[in-house]
Structure formats: C-alpha cells, structure tokens
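Report on one structure; see the data block that follows.
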Protein chains: 2
Amino acid sequence: MKISIGVADDQQLFLRSLSSLISSFPECEVVTEALNGQELLKNLAALEVLPDIILIDVQMPVMDGPAAVKEITAKYPDIATIALSMKEDDHSVLGMLRAGCSAYLLKDVHPRELKEAITEVKAHGYYNGDVLARNRRRLLRGEADEIKLTDREKHFLKLACSDYTYKEIAAKMYLSEKTIDGYRDSLFQKLNVRSRTGMALEAIKRNLVVL
Amino acid sequence: MKISIGVADDQQLFLRSLSSLISSFPECEVVTEALNGQELLKNLAALEVLPDIILIDVQMPVMDGPAAVKEITAKYPDIATIALSMKEDDHSVLGMLRAGCSAYLLKDVHPRELKEAITEVKAHGYYNGDVLARNRRRLLRGEADEIKLTDREKHFLKLACSDYTYKEIAAKMYLSEKTIDGYRDSLFQKLNVRSRTGMALEAIKRNLVVL
DNA sequence: ATTAAAAACAGGGATTTTCCTGTTTTTCGG
DNA sequence: CCGAAAAACAGGAAAATCCCTGTTTTTAAT
C-alpha cells in the first residue's frame, strides 16, 4: 500500500517540484498540495482518503506551520507531520515540536533522506537523526534559548527594531521613558546583549521580530 | 530538439525536486545539477554538450549567483541564465542583472510560468513579465537604492551590525574613533537613517550585511 | 613638484543610551 | 482587607552616540 502524502509550502515552485519528486517514489503518492496552513486544512476537510504524512513548511502566510500542525494533530491524530524548513533555530524547531511534528528536516537534505524519513515516520512514528531527534531533550528541558517575553516586552522589542528613540517609543506605548528603560534592561538580560543594536539583531536572529 | 537545462541551488531538496519537475517537461532535459556556483562551473567544464539555459539561485555558498553568472556569461556566451530567488530586493536583482542574467524569477512562481520563461528565453533571449523585465530601466538608471559603499564602509558596517561599541570597532579596524564617526555619518546619509540600530536594520534589509 | 581629491582625524557640545539602585502604584490571591 | 508580586516609574551619573564644522595627511593625477 502506498504512503499517501500531503505537501504544504508557500513557494509554489518548490511545492510542485517536491510533489513531482515524491510522485516519482514508487512507495509514495501525493494526495494534496497547499500553499499555506489554512488551505491545507481546507483541503483535508474535503478529502475522502486522508494522507498518512504531511510535509509542511514552518513559515507560511495566512496560517503558519506551527498553527497548522497543531490543528492537524488535534483534528486528524492519525496524520503524521514532518516539518520542512530552511531554518533550524530553536524557536522554529520548538514551535513545530510543541505543535506535534514527528520529524523536522531542513530543505537542504538529499531526496534519499526525505524518502527515508517518510518511510521511518510511517513505520515507527518518528525519524532518528533529524533536527528534532537531535535536539528534543535539550529543547524541552529549556536549555534552549527559548525565553519568555511579556506581551509588553514583545511590543517594545518590535518598536525597538527601528530608528525610533526610546522617548518616541515611550510615546507610542503610552508609557514613561523610565518604564521603557526597564523593558530594555530586562531584554538585555534575557537576550544576553548590552546594546540596543545587539538586542535588535538578536531578536531578528531568534525570529522574535520579523523585518 | 529538447532544451537542455542546468540547475544550481544550495538547497538539495529543491535542486533535485526542480530537476525532477523539469525532466517531466517534454521539451526540456536536465543535463547538470550543482549545489553552488563553483561546482556548476566545474560541471560545465566537463560537459561535452552544454546546457542552453541555467537556472541559478542568487544566494549560494562557496560561489554565489552573481559571481557564477558573470563567469558563465564570459566563458559560455551561448548559455542563458535565469535567476531563481526567494528575494526581489534591488540589490539581488541588480547583482544578477549586471552579471548578465536573461530573466529573474521568484521561487513562488507556478511551474507553468517557469516553463514559459524557459521557452521564451530559449526562443528570444529574454522573458517579459518577470522581475527583471519590470525593473530593468528603473534599476539601471540608478533610482534603485543601490548605493556605493567603500570597502572600509562595508567593513565598518559589518562590524557595526553587532554589540560592539564604536570604540571597540575603531580598535578592530586600527582607526581613530573619529574616523569611525565619519564612516557612521556617511552611512547614515547613504542609508537615510539616524541611529546605529536603524543603520544595522537597513543594512540587513538591503542584504548589505548577512546575519 | 604641484594640486586636487580622498581619507583620516579632530574639537566639542547636545542628545541618547546604559547602568545601578530604589520607590510607588496596580493587580491578584488568600 | 491585607500582603505579596508584578508593573510602572524615578534619580542620577557615566558612557556612548549623534551632530556639526573643521584640519591634516595621504593618495593620485598631471
């Protein structure tokens, strides 16, 4: 019996190419394709035969990978998901891990490894050797750079990734400049930086803020 | 006669998938694949029958897109190149345009459009409707945000995208702090910013500095 | 050798940021 | 109502950055 596959990626060329490649695997067939999480869920709702496995990107518009995987895991517990991403930063990996992914591959893997991952996830429910397997324990026990930011800190951080002065940011947040100083100090500590530029760069690196 | 195609991309999965997809086009055949510009040039040197068209990413390790296209254009003037990229910022587009690309597509195009682009580039030497066609005149007449930075300014900018103080940067560059001030002022003007954080963010946005 | 341009450097003041320690107000749980 | 914790705010000094104008040195062309 062929393993049925769903694929979700916002890059159409990659999506179609990958589908084409997977269709060339004797033991696999692609049953659905989507350009984002929302479209994927819509397609799943309309399918009579659900895929066994879904290959899904992390960053997609409309509904991103973690949100989609979370919903798929809840609604279709028999579907396994394999993350396909360009990035392996802890934030991305943790997001997909927490959402319920069975494996996490980078987009620079060889097709043979993708095939192997599909096969192993189908047979055993997980795939050893991928990003997720290598980092699961470290990530879950919090050694990861996963930090907790309050909503206000996140808002401040987003505004701080700009040309604004702290005075201007305080005005935009309807807070005192001294409160802004406090947020900055807190973030300096959490991100282990010592300047605003360093903080902004670190935020971008960790995908806390998108440019 | 089939159009022979070469493909270069650092993401192996995309590379193989795309090759597989293009091999399914009746009028095309893939004759070489490479994971970077250097490997591509090496492969071309060994081929008896050169490809008509090369699909090439902009950002690759070892040798990037612009450098590779420049060399291909010089050594193999009969080979046309089509850029395939995730980004369409002016810097990336100009780099490929100046290097000699015949077309510039984003990776989110539909395979049909890729096919059309290949066909048109083969038949006419260019492809209307892509990023390059839409921006050629604007870019070349310099309305683009393409700015000229001296080697020293680039070096400074790279160092400034960090947690270092200007004093520390001056020490690393064996220059006076006042000279560093001068570079900063110059870059503030060129990038139209008014703070170091703004400068760093703008540099990243324009791919002047890679995180 | 001369001259012009580019690059490096400077003075100095204003503004902003960083750092440290502390107080007050608001919120929340018992 | 009370007390603790969280959030907001504060003083103030030092350091860093920004802004403006200008000089000196080096490089390059003639």
Side-chain angles (χ1 to χ4, degrees), chain A residues 91 142 144-206 208-211, chain B residues 91 94 98 142 144-206 208-211:
Chain A
H91 180 78
D145 294 328
E146 191 70 0
I147 52 169
K148 282 186 181 350
L149 302 184
T150 68
D151 286 345
R152 277 293 178 77
E153 283 173 338
K154 286 173 185 169
H155 188 187
F156 164 73
L157 187 54
K158 191 175 171 62
L159 290 171
C161 291
S162 74
D163 229 9
Y164 298 126
T165 63
Y166 288 135
K167 188 172 184 171
E168 291 168 337
I169 292 171
K172 284 183 182 297
M173 292 183 73
Y174 304 98
L175 295 169
S176 149
E177 291 175 51
K178 285 301 183 178
T179 301
I180 294 305
D181 283 353
Y183 290 161
R184 181 200 58 228
D185 294 346
S186 171
L187 286 164
F188 275 23
Q189 218 174 17
K190 289 179 178 177
L191 299 176
N192 193 30
V193 296
R194 59 190 176 113
S195 71
R196 178 175 169 177
T197 304
M199 174 178 75
L201 296 173
E202 193 64 25
I204 291 163
K205 278 176 191 168
R206 297 184 191 204
L208 296 172
V209 165
V210 178
L211 269 182
Chain B
H91 180 78
L94 258 177
R98 287 195 178 126
D145 292 328
E146 191 69 3
I147 52 169
K148 280 184 183 350
L149 303 184
T150 67
D151 285 346
R152 275 296 179 69
E153 283 172 338
K154 287 172 186 169
H155 187 187
F156 164 74
L157 188 54
K158 190 172 171 63
L159 289 170
C161 291
S162 74
D163 228 9
Y164 297 126
T165 62
Y166 287 137
K167 187 172 185 174
E168 291 169 337
I169 291 171
K172 284 183 182 296
M173 291 182 73
Y174 304 99
L175 294 169
S176 150
E177 290 176 53
K178 285 297 184 179
T179 301
I180 294 303
D181 280 354
Y183 290 162
R184 181 200 56 225
D185 294 346
S186 172
L187 286 163
F188 275 21
Q189 218 173 19
K190 290 178 177 179
L191 299 176
N192 194 28
V193 297
R194 60 193 173 111
S195 69
R196 178 176 169 178
T197 303
M199 173 179 75
L201 296 173
E202 194 64 25
I204 291 164
K205 279 176 191 167
R206 299 184 191 204
L208 296 172
V209 165
V210 179
L211 270 183

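Proteins come first, then strands; the chains are lettered A, B, ... in the order of their sequence lines, and each starts at number 1. The basis for the numbers below is simple: all heavy atoms, side chains too, and nothing from hydrogens, waters or symmetry mates.
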| message | Under 4.0 Å, counting only non-hydrogen atoms across every strand here, what does B/Arg184 touch: a base, just sugar-phosphate, or nothing? | response | base
| query | Using a cut-off of 4.0 Å between protein heavy atoms and nucleotide atoms, how would you tag nucleotides 6-15 of chain C 5' to 3' with B, S and -? | reply | --SBBBB---
| query | With B/Thr150, which residues qualify under side chain to side chain donor-acceptor pair (under 3.5 Å), at least two apart? | reply | none
| request: Please check if the side chain of B/Glu168 supplies one atom and the backbone of B/Thr165 the other of a donor-acceptor pair under 3.5 Å. | output: yes
Under-3.5 Å N/O pairs linking protein and nucleotides 23-26 of chain D:
none

| If you look at every heavy atom in B/Lys148 and B/Glu153, which pair is closest and at what distance? | O-OE1, 4.1 Å
| request: Please state how far atom CG in A/Asn192 lies from atom P in C/dC19, giving the value in whole angstrom units. | output: 12 Å
| query | In whole angstroms, how far is the P atom of D/dA6 from the NZ atom of A/Lys148? | reply | 14 Å
| field | Heavy-atom pair with the smallest gap, counting every atom of A/Leu159 and A/Tyr164 | value | O-CD1, 3.7 Å
| field | For A/Asp163, all residues meeting side chain to side chain donor-acceptor pair (under 3.5 Å), sequence neighbours excluded | value | B/Ser195
| Minimum heavy-atom distance B/His155-B/Met173, with the two atoms named | ND1-CE, 3.9 Å
| Atom CG of B/Asn192 with >12 non-hydrogen neighbours under 6.0 angstrom | no
| remark: Axis-to-axis angle for the helix from C/dA1-D/dT30 to C/dG30-D/dC1, ends of five pairs each, to 10°, equals 40°
| task | Please work out which residues in residues 162-172 of chain B have a non-hydrogen atom less than 4.0 Å from an atom of DNA chain D and list them by number. | result | B/Thr165, B/Tyr166
| note | Closest non-hydrogen contact found for A/Phe188 with A/Arg196 is CZ-N, 3.5 Å
| Separation of D/dA15 C1' from A/Phe188 CZ (nearest whole Å) | 13 Å
| task | Can you tell me the distance, in whole Å, between the CZ atom of B/Arg196 and the P atom of D/dA15? | result | 18 Å
| remark: Heavy-atom nearest pair, B/Ala200 first then A/Leu201, reads CB-CD2, 4.3 Å
| Taking only residues two or more places apart in sequence, or in another chain, which ones meet A/Ser162 in a side chain to side chain donor-acceptor pair (under 3.5 Å)? | none
| remark: A/Gln189 CD to C/dT18 C1', in whole Å, measures 14 Å
Enumerate, atom names and distances included, each donor-acceptor pair closer than 3.5 Å involving a side-chain atom of residues 174-183 of chain B, sequence neighbours excluded.
residue  : atom : partner  : partner atom : Å
B/Ser176 : OG   : B/Lys178 : N            : 2.9
B/Asp181 : OD1  : B/Arg184 : NH1          : 3.1

| task | Under the side chain to side chain contact (heavy atoms under 4.5 Å, CB included) rule, collect the residues that match up with A/Leu157, sequence neighbours excluded. | result | A/Leu149, A/Leu187, A/Met199, A/Ala203, A/Leu208, A/Val209
